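Encoded as structure tokens, the structure appears first; notes follow it.
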Amino acid sequence: MRKYFKIALLLLMFTSCVGTSFAADKQRQWTKEMLDYKHEYLVKETGMTQAQRDKFMPIYEAMEKEIFAVYRNSRDKAKKVESNRKASDDDYYSAAKDMAEVKYKVGEIESRYFNQLAKVLSKKQLFLLKKAETKFTRDMVGKKK
């Protein structure tokens, strides 16, 4: 009887690990699909040529990766403080300050990459890119509701 219980417990643990892994894989797949859709949307809205697209994508993806890291780090710090029952006022202050500086950090990243993108896109395309990013976000939020 004990043997069967151990086997059932091991199977339960294995299936929960597989389920968690499957959920993470599904989330990664959804994120990749969403980013691919966004990239195609930006290319279409700005009217990029294939040559421009080939130069644009590595730069834009690097920028997105840095921006995601800033948001993730801020979110992780906030969660850590929030879950710590013994967090001090300094911990809360540090997390709040970090959250307040996210937009500044993102702005610095975008500004730095803007100069690189200006070498690939025309001035009009740079303008259309910013409009397309805003429109994409607004459309996605609207669809979510």
Side-chain angles (χ1 to χ4, degrees), residues 5-50 52-145:
F5 178 73
K6 287 181 181 178
I7 290 172
L9 185 61
L10 284 172
L11 283 172
L12 182 64
M13 289 172 49
F14 176 73
T15 55
S16 77
C17 290
V18 169
T20 304
S21 175
F22 178 74
D25 288 343
K26 192 172 181 181
Q27 178 64 36
R28 275 191 287 278
Q29 180 64 25
W30 181 87
T31 302
K32 183 186 179 324
E33 288 174 7
M34 183 57 69
L35 288 175
D36 289 345
Y37 176 71
K38 178 183 178 184
H39 295 163
E40 292 305 317
Y41 182 86
L42 296 177
V43 167
K44 179 182 157 211
E45 291 293 310
T46 57
M48 285 183 220
T49 65
Q50 185 61 41
Q52 285 177 312
R53 185 185 190 286
D54 293 342
K55 292 178 185 175
F56 170 81
M57 279 305 154
I59 298 168
Y60 194 78
E61 288 172 356
M63 180 182 76
E64 282 183 316
K65 193 177 280 188
E66 282 188 45
I67 290 171
F68 286 151
V70 167
Y71 281 115
R72 184 177 47 251
N73 290 338
S74 179
R75 193 172 48 250
D76 290 348
K77 192 171 187 177
K79 282 182 181 179
K80 186 176 178 182
V81 169
E82 196 172 28
S83 66
N84 182 1
R85 294 178 188 220
K86 296 182 180 181
S88 68
D89 283 346
D90 290 340
D91 294 333
Y92 283 111
Y93 179 80
S94 176
K97 185 166 176 55
D98 192 63
M99 291 164 66
E101 291 176 348
V102 165
K103 288 182 182 179
Y104 173 74
K105 292 174 185 176
V106 168
E108 281 184 327
I109 293 167
E110 286 182 348
S111 180
R112 186 168 19 97
Y113 278 94
F114 182 84
N115 295 328
Q116 293 179 37
L117 294 172
K119 295 175 184 173
V120 176
L121 303 176
S122 71
K123 291 173 175 74
K124 182 178 180 181
Q125 286 174 319
L126 286 170
F127 175 77
L128 292 174
L129 174 65
K130 295 313 288 177
K131 285 188 61 126
E133 287 174 325
T134 303
K135 185 178 177 191
F136 179 82
T137 302
R138 190 173 47 241
D139 289 350
M140 288 300 109
V141 169
K143 286 179 182 177
K144 188 174 182 179
K145 290 181 181 178

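None of the values given here were measured: they were computed from a predicted structure.
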Once rounded to the nearest 0.5 Å, what's the spacing between atom [atom1] of [X] and atom [atom2] of [Y]?
| X | Y | atom1 | atom2 | answer |
| --- | --- | --- | --- | --- |
| Lys135 | Thr137 | NZ | OG1 | 12.5 Å |
| Glu40 | Met48 | CD | CE | 9.5 Å |
| Met63 | Ile109 | CE | CD1 | 9.0 Å |
| Leu126 | Lys131 | CG | NZ | 14.5 Å |

**OP:** Applying salt bridge (Lys or Arg N to Asp or Glu O under 4.0 Å), name anything that partners Asp90, two or more places apart in sequence or on another chain.
**Re:**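 Salt bridge (Lys or Arg N to Asp or Glu O under 4.0 Å) check on Asp90 returns nothing, list empty.
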Salt bridge (Lys or Arg N to Asp or Glu O under 4.0 Å) against Glu45, all qualifying residues, sequence neighbours excluded
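By the salt bridge (Lys or Arg N to Asp or Glu O under 4.0 Å) rule, Glu45 matches no residue at all.
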- Item | Residues in side-chain hydrogen bond (donor to acceptor under 3.5 Å, both in side chains) contact with Asp36, at least two apart in sequence or another chain |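 Once residues adjacent in sequence are excluded, the partners of Asp36 under the side-chain hydrogen bond (donor to acceptor under 3.5 Å, both in side chains) criterion are Lys32.
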**Q.** Evaluation steps, side-chain contact (heavy atoms from CB on, under 4.5 Å), between Leu129 and Phe56
**A.** CA-CA 11 Å; Leu129 174 65; Phe56 170 81; 3.9 Å; yes
- Query: Does Tyr60 reach the side chain of Lys38, with side-chain heavy atoms less than 4.5 Å apart?
  - Reply: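 Tyr60 vs Lys38: side chains touch.
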Using side-chain heavy atoms (C-beta onward) and a distance below 4.5 Å, is Tyr71 in contact with Val106?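 Yes. Closest side-chain heavy atoms under 4.5 Å.
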- Task: Would you list the pairs meeting side-chain hydrogen bond (donor to acceptor under 3.5 Å, both in side chains) in which at least one residue belongs to residues 75-85, sequence neighbours left out?
- Result: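 Qualifying pairs: Lys77-Ser94.
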Is the backbone N or O of [Y] less than 3.5 Å from a side-chain atom of [X], with the two atoms forming a donor-acceptor pair by type?
| X | Y | answer |
| --- | --- | --- |
| Ser74 | Val70 | no |
| Glu33 | Trp30 | no |
| Glu61 | Pro58 | no |

| said: Run the side-chain contact (heavy atoms from CB on, under 4.5 Å) test on Leu35 and Phe68 for me, step by step, so that the C-alpha distance in whole Å, both residues' side-chain angles and the decisive distance to 0.1 Å come before the verdict. | reply: CA-CA 12 Å; Leu35 288 175; Phe68 286 151; 4.1 Å; yes
Can you check side-chain contact (heavy atoms from CB on, under 4.5 Å) on Glu64 and His39, steps first, answer last? CA-CA 11 Å; Glu64 282 183 316; His39 295 163; 2.8 Å; yes
Minimum heavy-atom separation for [X] to [Y], with atom names?
| X | Y | answer |
| --- | --- | --- |
| Val81 | Asp91 | CG2-O, 3.7 Å |
| Tyr41 | Ala132 | CE2-O, 3.6 Å |
| Leu42 | Glu133 | CD2-N, 3.8 Å |
| Ala95 | Ala78 | CB-CA, 4.5 Å |

message = Can you confirm whether Phe127 is buried at CZ, in the sense that more than 12 heavy atoms of other residues, nucleotides or ligands lie under 6.0 Å from that atom?
response =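 Open.
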Would you say that more than 12 heavy atoms from the other residues, nucleotides or ligands in this model lie under 6.0 Å from the CE of Met99, or not?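 Check fails, neighbour count at 12 or below.
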* Asked: Among all residues two or more places apart in sequence or in another chain, which pass the side-chain contact (heavy atoms from CB on, under 4.5 Å) test with Gln50?
  ->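 Testing Gln50 for side-chain contact (heavy atoms from CB on, under 4.5 Å), a comparison that skips the adjacent residues, returns Arg53, Asp54.
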Discussion item. Working note: Gln52 + Gln125, criterion side-chain contact (heavy atoms from CB on, under 4.5 Å); need CA distance, chi angles, decisive distance, verdict.
Written reply: CA-CA 11 Å; Gln52 285 177 312; Gln125 286 174 319; 2.7 Å; yes
Q: Could you note down all residue pairs passing salt bridge (Lys or Arg N to Asp or Glu O under 4.0 Å) where residues 92-115 supplies at least one of them, sequence neighbours left out?
A: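 Found Glu66-Arg112, Lys97-Glu101, Asp98-Lys105, Glu110-Lys130.
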